[in-house]
Protein chains: 2
Amino acid sequence: MTRDPGGTPPGWRSVRKPASIKDVAAAADVSPTTVSHVLSGRRPVAEETAARVRSVVNRLGYVPASLARSLQAGFTSVVGLLIPDISNAFFADLAKGAEDAAHDLGYSLILCNTEFDPEREDRYLGMIRSRFIDGMVYAAGSPPSRQRLEALLGSFPIALADEEVEGLEGALIATADHEAGGRFVGNHLRELGHRRALALTGPRGLKSSTARASGFRQAFRGDVVERIGDFKESSGHRLVAEFLAEQRNLDATAIFAANDLMAFGAIAALREAGLAVPRDVSVVGFDDIRVASLSSPALTTVRQPAYDVGRTATAQLLQYAARGAVPPASRHTLPVELQVRDSTAQPAR
Amino acid sequence: MTRDPGGTPPGWRSVRKPASIKDVAAAADVSPTTVSHVLSGRRPVAEETAARVRSVVNRLGYVPASLARSLQAGFTSVVGLLIPDISNAFFADLAKGAEDAAHDLGYSLILCNTEFDPEREDRYLGMIRSRFIDGMVYAAGSPPSRQRLEALLGSFPIALADEEVEGLEGALIATADHEAGGRFVGNHLRELGHRRALALTGPRGLKSSTARASGFRQAFRGDVVERIGDFKESSGHRLVAEFLAEQRNLDATAIFAANDLMAFGAIAALREAGLAVPRDVSVVGFDDIRVASLSSPALTTVRQPAYDVGRTATAQLLQYAARGAVPPASRHTLPVELQVRDSTAQPAR
DNA sequence: GTAAGTCTCCAAAACGATTTGCACAATGGA
DNA sequence: TCCATTGTGCAAATCGTTTTGGAGACTTAC
């Protein structure tokens, strides 16, 4: 983290010291003020002088130090995006939406990949307290520490994306309509004739997950057994394997997984147990990641507008953050869509 | 981009002005110097005084402004990652590796998603010139402007990831062994008995793409027709459709796509033409994105260590950037692995 | 009793921009 | 001739840190 200017090994080219506004001023025989005005155009400068300054700027390759500029301006035009795992396609899409929105508004985006690690999350949240970023889009993948977030929410520009935090009022929220998604799945399975289902949920405390489950339950109106997972493929596999092992009289004909990854894990476990999808068991996912349409069987799932969630959360947040304001409570619910494919069918009698 | 402190609409809470080191100093009745020393530990401070300072720091919730700190220190502990498309699984994995390496070394990572847009790329490259980032990992998805890059390479810490730029010497490069990957595919197809192949390449000027093709050609030793694509699914589809349309006597029995996405596009086009994979035509991809193993048929492809490429490039770069040095030329070639799955078979006689 | 260390702490100078108040000259009109 | 106006550019303060070089008060040692 610290430099040792003296100890540079031989052969290393050091970054040559860049020109500062003072260097430009000296070379053009004007004051730094004038250089600044030429570049920003905030006050008129005689064309002759301006031309001279511009020529020196080019010759020296002068680029204003953004740090100094930001320090003086009081904002950085950088926004953070905190997500658990960028290699998860859902978050990658969300990130793309966030980056697009940020770019459109002249912001850069710092990627805060937490790997579900609270310590890492803490470090990143520190960036907003140290004012290195003007705001943060928070897309927690696991139940975040409400306490930590609560202290920040009132004082800093933060938006909650995809996931709202239970018990936390007053936040700016952009999220897919998880409950409707659950309902769609419930309807679909009920209409196919299913009456007993296994629901694989996300971690406790995640509103998105509980919303999906409750929407599902409400529309399905049949027997539902719930198992708690963690959104990973492995947990889908494990939960289903365990379920099959302990299963007595209750034999579900359908599985609703909290996301596509878990659905794939579930399918793998079913296969290992000699069960075919959808002949023996129907499986539904959530997210509609690209794999869903290409896998075999193609997965019936709920398309979540990940890109739009990221984009909306960021655009809304920056509307306030750009003015140095804390966003007021507001909710942006984005529509989801059921994608019926080949992993669901009528239950075998 | 500019703030209007006066025009804040009613109901907006403004971010309250954070405490500065001076506020802390005043409240603790010491000088800012002392506060700094208490916090950094760079010089001893009487325990009694230190305790008093710490208590004030807590009470005021003081966090040093990282901007000011960076300005004074001369570096930001932020590194950029420039990629064309974060929603492409390959780059998402690469990004994860980069972020991990950055985090391990105490750096944050700015995501520069260019969408193959040169203007956007330019804007991001400006960040390194304005010294907002200490270095840049450059993973171009299209032939980058050599000129622009050349000017930067000598003066700023930049690492080339995955893609080297033809005609550009002296850079730090971390890349998968594309040529070996091409050879693996060539051998595999030849051993299966294929003699005529269609190679779908990436854009001209991309070393990775030409290396794959040349490795392939060298090992395959049969007839190879080349078509130039752009790494997108759509181009795989289009090229194959065109090829089938114009095909006369030369009928290839195998297709080697420059990446998995193009391979999927190719398979789709083949299907539409009533051809089965691998019965009528074998198809091989490159990258081994997750879909590859889940699709139907599972795709034979070359596993590229995307995560490692990102991680290596970043770790190597920061080794120099952290000392304010420009990295010397060096090449880190990471091994690839052929994944034989279900999309390749012996050619029908 | 004085010289040489220790402990503590502070003042001031960076870092590199932007912003604001003024000074000075030239111009125009009365 | 005098005043007001416009055009042009600079000096100095500011943003919030860190880093030096001392200063002053005590000890300790001879």
Side-chain angles (χ1 to χ4, degrees), chain A residues 1-5 15 17-53 56-57 60-77 129-132 134 324, chain B residues 1-5 15 17-53 56-57 60-77 126-127 129-132 134 324:
Chain A
M1 296 287 288
T2 55
R3 310 200 170 197
D4 61 339
V15 177
K17 190 176 177 197
S20 79
I21 198 172
K22 283 185 199 160
D23 302 326
V24 175
D29 201 29
V30 296
S31 76
T33 308
T34 302
V35 176
S36 175
H37 286 150
V38 168
L39 262 32
S40 70
R42 294 187 75 85
R43 277 196 187 178
V45 173
E47 181 46 36
E48 192 189 3
T49 316
R52 185 153 35 97
V53 169
V56 172
V57 164
L60 266 49
Y62 168 69
V63 176
S66 43
L67 278 183
R69 198 207 287 270
S70 293
L71 176 59
Q72 138 78 31
F75 59 89
T76 59
S77 291
R129 314 195 62 189
S130 72
R131 283 148 287 155
F132 193 80
D134 292 345
Chain B
M1 294 284 291
T2 54
R3 308 202 172 200
D4 62 340
V15 177
K17 191 177 175 189
S20 79
I21 198 173
K22 283 185 199 161
D23 302 327
V24 175
D29 202 27
V30 295
S31 76
T33 309
T34 302
V35 176
S36 176
H37 286 149
V38 169
L39 262 32
S40 71
R42 295 187 74 86
R43 277 193 184 179
V45 173
E47 181 46 36
E48 192 189 1
T49 315
R52 186 155 31 99
V53 168
V56 172
V57 164
L60 267 48
Y62 169 69
V63 177
S66 44
L67 277 183
R69 197 207 289 270
S70 292
L71 177 60
Q72 137 78 30
F75 58 89
T76 60
S77 291
M127 294 201 331
R129 314 196 61 192
S130 72
R131 283 148 287 154
F132 193 81
D134 292 346

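All values derive from a computational prediction rather than experimental measurement. Throughout, a chain's letter reflects where its sequence line sits, starting with A, and its residues are numbered from 1.
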Problem set entry | Under 4.0 Å protein heavy-atom contact, by nucleotide of nucleotides 5-11 of chain D - B base, S sugar-phosphate only | ---SBBB
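By the 4.5 Å heavy-atom criterion applied to side chains, Ser36(B) and Ile21(B) are counted as neighbours. The shortest distance between side-chain heavy atoms of Arg52(A) and Thr49(A) falls below 4.5 Å.
Reading DNA chain C from its 5' end, the first and the last nucleotide to sit under 4.0 Å from a heavy atom of chain B are dT8(C) to dG16(C).
A donor-acceptor pair is defined here as one N or O able to donate and one able to accept, closer than 3.5 Å; no such pair exists between the side chain of Arg131(A) and the backbone of Leu71(A).
Axis angle between the ends of the helix from dG1(C)-dC30(D) to dA30(C)-dT1(D), five pairs each and rounded to 10 degrees, works out to 60°.
The CG-P distance, from Leu71(A) to dT18(D), rounds to 12 Å in whole Å. The separation between Lys22(B) atom NZ and dT17(D) atom P is 9 Å, rounded to whole Å. Atom CZ of Phe132(A) and atom P of dT17(D) are 15 Å apart (whole Å).
Residue Glu48(A) places its CD atom among 12 or fewer non-hydrogen atoms of other residues, nucleotides or ligands, all under 6.0 Å distant.
To the nearest 0.5 Å, atoms CZ (Arg43(A)) and OG1 (Thr33(A)) are separated by 9.0 Å.
When heavy atoms are screened at a 4.0 angstrom cut-off, Ser36(B) is found touching base atoms of the nucleic acid.
When each of Leu39(A) and Gln72(B) is assigned the nucleotide of DNA chain C bearing its nearest heavy atom, the one mapping closer to the 5' terminus is Gln72(B).
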